[in-house]
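Residue numbers start at 1 and run along the sequence shown. Every value quoted in this text rests on a predicted model; they were computed, and no experiment measured them.
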Amino acid sequence: MSKFIGNQFMKVSLILSWIYLLGNIAVAQSGTIKPGVLWMDNNGNPIQAHGGGILKIKKTYYWFGEDRSKNNNPEMRYVACYSSKDLVHWTFRNKVIKTRDPENLGKGFILERPKVYYNRKNKVYIMYMHVDDSTYNLARVGVAVCDQVDGNYKYLKSFRPLGHESRDIGQFIDDDGTAYLIFEDRPYGFRIAKLSDDYLSVDKEVCLIPAHMEGGAIVHYNNLYYVIGSDLTGWAPNANKYATANLLSGPWSAFKDIAPSLTKTYGSQSTMLLKVVGRKKTTVVFMGDIWKPGAQWDSRYLWMPLDISQDKLWLPKPQYWKLDIKTGDTQLPKS
């Protein structure tokens, strides 16, 4: 290769490198959340945090969820943890749960919907999860603990909270820091219960909502409680609904659709309502899973800011949007 051609090649390579770098910077600065689009982590891998929940520690958000990667050992169950400062760009931290059958539950045992709490008193992280056998007849919550948020969690036990069946679970931490578990009790509805002081068990029931729903999620916004749930249709999407109450103990209003009924919540199912408190405003984010039962590793996520005021709650049509984590402002296309 001649010196001239070599220099020209180096210049072209340098220009291409700068274009690539600027392109990545533009993507990083865009801060765009894209519902239904494959969401990649810092390593370029699809985020595996299905049926998950988010815990904020200081200025960092930690997203935990079911890791259903295609190459996982089918005899094991996994929970992954990711971290983010802006809720858009996620760094893979660890597979915090890597377990074989923890209690001789049998082939096809279930470990779903992990939710992590931080107990400030004991300085320990406690994970709750739905644990079951393949027939869904065990209906228990499992508990695992760790002394660091993204460490390897130690499985402790499973139990039926207050003696009741528990399938889908959700978590809620009120503005005063009190921690609650939401769990589906198939014969009766779904229950809201306060955790014990050490978070390792359930202390007392706060409310039974006599609606046969799963995917329970709660947020406290402008002195009103909102609860969301989905119908019992298995993997198939349905019209998720919401109700409101002045007190967590109720009484709760009648349930209403959160989106046009025929859209079936745009193909998603609720997993958490995330409240982002900024300097200017508070945004409530609907976190939903778009399940693909035949290709669970490719299941997607639907995150959208809710239209929420007084006793009204509405999920807008999914579209690309931006979130300013510091101010709480959201930006959606004008159209």
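No side-chain heavy atom of I182 sits under 4.5 Å from any side-chain heavy atom of I169. A 4.5 Å side-chain heavy-atom check between W303 and M272 finds every atom pair outside the cut-off. Taking 4.5 Å as the limit, every side-chain heavy atom of V124 sits out of range of all side-chain heavy atoms of Y199. A heavy-atom distance below 4.5 Å is found between the side chains of I47 and Y301. Considering only heavy atoms from C-beta on, W90 comes within 4.5 Å of Y61 through its side chain. Side-chain contact between S270 and F286 is present, with at least one heavy-atom pair separated by less than 4.5 Å. In this structure the side chain of W252 reaches within 4.5 angstrom of the side chain of I192, judged on heavy atoms. Looking at heavy atoms from C-beta onward, M127 lies in side-chain contact with I97 at the 4.5 angstrom threshold.
Taking the six-membered ring for Trp and thresholds of 30 and 60 degrees, H50 and W291 have ring planes inclined between 30 and 60 degrees apart. The aromatic rings of Y82 and W63 sit tilted, their planes meeting at an angle between 30° and 60°. Classification of the Y136-H130 ring pair by plane angle, with boundaries at 30° and 60°, yields tilted.
Counted by atom type alone, Y155 and E103 present one or more donor-acceptor pairs between their side chains at under 3.5 Å. A donor-acceptor contact closer than 3.5 angstrom links the side chains of T233 and N238. For the residue pair N119 and Y125, no side-chain donor N or O sits within less than 3.5 Å of a side-chain acceptor on the partner. Side chains of N152 and K98: a donor on one and an acceptor on the other come within 3.5 Å.
Rounding to the nearest 0.5 Å gives a distance of 8.0 Å between CG of D231 and CG of N240.
Looking at R300 and D298, a side-chain N of the basic residue comes within less than 4.0 Å of a carboxylate O on the acidic one, giving a salt bridge. By the 4.0 Å N-to-carboxylate-O rule, R186 lies too far from E165 to be salt-bridged with it. Using a 4.0 Å cut-off between charged nitrogen and carboxylate oxygen, E75 and R100 count as a salt-bridge pair.
Within the 3.5 Å criterion, the main-chain N or O of D329 finds a donor-acceptor partner in the side chain of T327.
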Original post:
Can K95 and N72 be said to form a side chain to side chain donor-acceptor pair (under 3.5 Å), step by step?
Top reply: CA-CA 11 Å; K95 289 191 178 186; N72 281 347; 3.0 Å; yes

